Amino acid sequence: RIYNIDFDQLSFTWGSWLLIDKAPYNYAIESVLAIYHLAFFKLKLNVCFFDVRKENVKVINFHLRFGANKISQNEHNIYFNFKKESFNTAIKKYKRFLSDEQILIN
């Protein structure tokens, strides 16, 4: 889900990312590509802010590999941002997970 949309700051948050246990790895990538494409190209936003619980190491590593930037942390969470420019790089890296019809072009 996308929430905390701020059209003045051109920012948003996304979260409540739920995938079934043992879902294929490409499901995570496809869902992230879809969220960012919607926010960056359809809603014309520029930056995403989100947090991940520190104990959720798999998800933290996923976001770091995808290009998110760690901006702060507290005892429970790590806070990230992800910019539109980073998405443009990520789409090139991860487009192999999508069919020709799913390739997201701005």
Side-chain angles (χ1 to χ4, degrees):
R1 70 188 171 109
I2 296 176
Y3 57 99
N4 292 340
I5 297 172
D6 184 332
F7 287 105
D8 292 327
Q9 298 297 315
L10 299 177
S11 66
F12 67 101
T13 301
W14 77 276
S16 302
W17 190 23
L18 303 172
L19 296 172
I20 60 172
D21 286 340
K22 300 182 183 178
Y25 185 71
N26 63 307
Y27 286 15
I29 294 168
E30 288 177 17
S31 66
V32 170
L33 291 172
I35 289 286
Y36 286 136
H37 184 263
L38 171 67
F40 292 141
F41 297 113
K42 300 297 183 187
L43 298 177
K44 309 280 190 225
L45 303 171
N46 289 328
V47 63
C48 175
F49 296 98
F50 61 94
D51 58 88
V52 179
R53 292 285 187 178
K54 284 184 171 181
E55 65 269 9
N56 204 343
V57 175
K58 282 181 154 180
V59 172
I60 291 167
N61 289 334
F62 175 88
H63 286 297
L64 290 171
R65 282 191 308 275
F66 205 80
N69 301 299
K70 181 179 160 183
I71 54 175
S72 67
Q73 64 182 7
N74 62 25
E75 80 177 86
H76 300 291
N77 298 311
I78 298 178
Y79 297 89
F80 295 90
N81 73 12
F82 185 77
K83 297 180 180 178
K84 184 176 181 178
E85 298 82 28
S86 297
F87 178 71
N88 290 330
T89 300
I91 191 72
K92 293 173 189 163
K93 181 177 177 182
Y94 291 103
K95 72 180 179 181
R96 70 184 180 275
F97 291 95
L98 303 173
S99 69
D100 289 341
E101 296 82 32
Q102 294 172 305
I103 298 294
L104 306 171
I105 301 171
N106 66 10

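As the structure is a prediction and not an experimental result, all values here were calculated from the model.
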**Student:** Check side-chain hydrogen bond (donor to acceptor under 3.5 Å, both in side chains) between Asn74 and all other residues, then give those that pass, not counting sequence neighbours.
**Tutor:** Tyr79
**Student:** Rounded at 0.5 Å granularity, tell me how far CG in Leu38 sits from CH2 in Trp14.
**Tutor:** 12.0 Å
**Student:** Quick one: closest heavy-atom pair of Ala90 and Phe82, and the distance?
**Tutor:** CB-CZ, 4.4 Å
**Student:** At what distance, to the nearest 0.5 angstrom, does CD1 of Ile29 lie from OH of Tyr27?
**Tutor:** 13.0 Å
**Student:** Mind checking the CD-CG spacing from Gln9 to Asn4? Nearest 0.5 Å is all I need.
**Tutor:** 12.5 Å
**Student:** Measure across Gly67 and Ser86 and return the closest heavy-atom pair with its distance rounded to 0.1 Å.
**Tutor:** O-OG, 3.9 Å
**Student:** Is the shortest side-chain heavy-atom distance between Phe66 and Leu33 below 4.5 Å?
**Tutor:** yes
**Student:** For Thr89, which residues count as a side-chain hydrogen bond (donor to acceptor under 3.5 Å, both in side chains) partner, sequence neighbours excluded?
**Tutor:** none
**Student:** Looking at every non-hydrogen atom in both residues, tell me the closest pair between Asp6 and Asp8 and how far apart they are.
**Tutor:** OD1-N, 2.9 Å
**Student:** How would you list all residue pairs meeting side-chain hydrogen bond (donor to acceptor under 3.5 Å, both in side chains) that involve residues 58-70, not counting sequence neighbours?
**Tutor:** Tyr25-Arg65, Asn69-Asn81, Lys70-Gln73
**Student:** Is there a continuous path of hydrophobic side-chain contacts, each under 4.5 Å between heavy atoms, that joins Phe7 to Ile2?
**Tutor:** yes
**Student:** Show me the donor-acceptor pairs, under 3.5 Å and distance only, between side chains in residues 40-49 and residues at least two apart or in other chains.
**Tutor:**
| unit_1 | atom_1 | unit_2 | atom_2 | d |
| --- | --- | --- | --- | --- |
| Lys44 | NZ | Phe41 | O | 3.2 |

**Student:** Quick one: do Ile71 and Leu64 end up in the same hydrophobic cluster if we chain Ile, Leu, Val, Met, Phe, Trp and Tyr together by side-chain heavy atoms under 4.5 Å apart?
**Tutor:** no
**Student:** List for me each residue that meets side chain to side chain contact (heavy atoms under 4.5 Å, CB included) alongside Glu85, sequence neighbours excluded, and say none if there are none.
**Tutor:** Lys83
**Student:** Please name the pair of heavy atoms, one in Arg53 and one in Asn77, separated by the smallest distance, quoted to 0.1 Å.
**Tutor:** CD-OD1, 3.2 Å
**Student:** Dump the intermediate steps for side-chain contact (heavy atoms from CB on, under 4.5 Å) on Tyr94 and Val32, then the final yes or no.
**Tutor:** CA-CA 10 Å; Tyr94 291 103; Val32 170; over 6 Å; no
**Student:** Kindly write out the residues that satisfy ring-ring contact (aromatic ring centres under 6.0 Å, His included) with Phe80, not counting sequence neighbours, or none if the list is empty.
**Tutor:** Phe50
**Student:** Using 0.5 Å steps for rounding, measure from the CD1 atom of Ile5 to the OG1 atom of Thr13.
**Tutor:** 9.0 Å
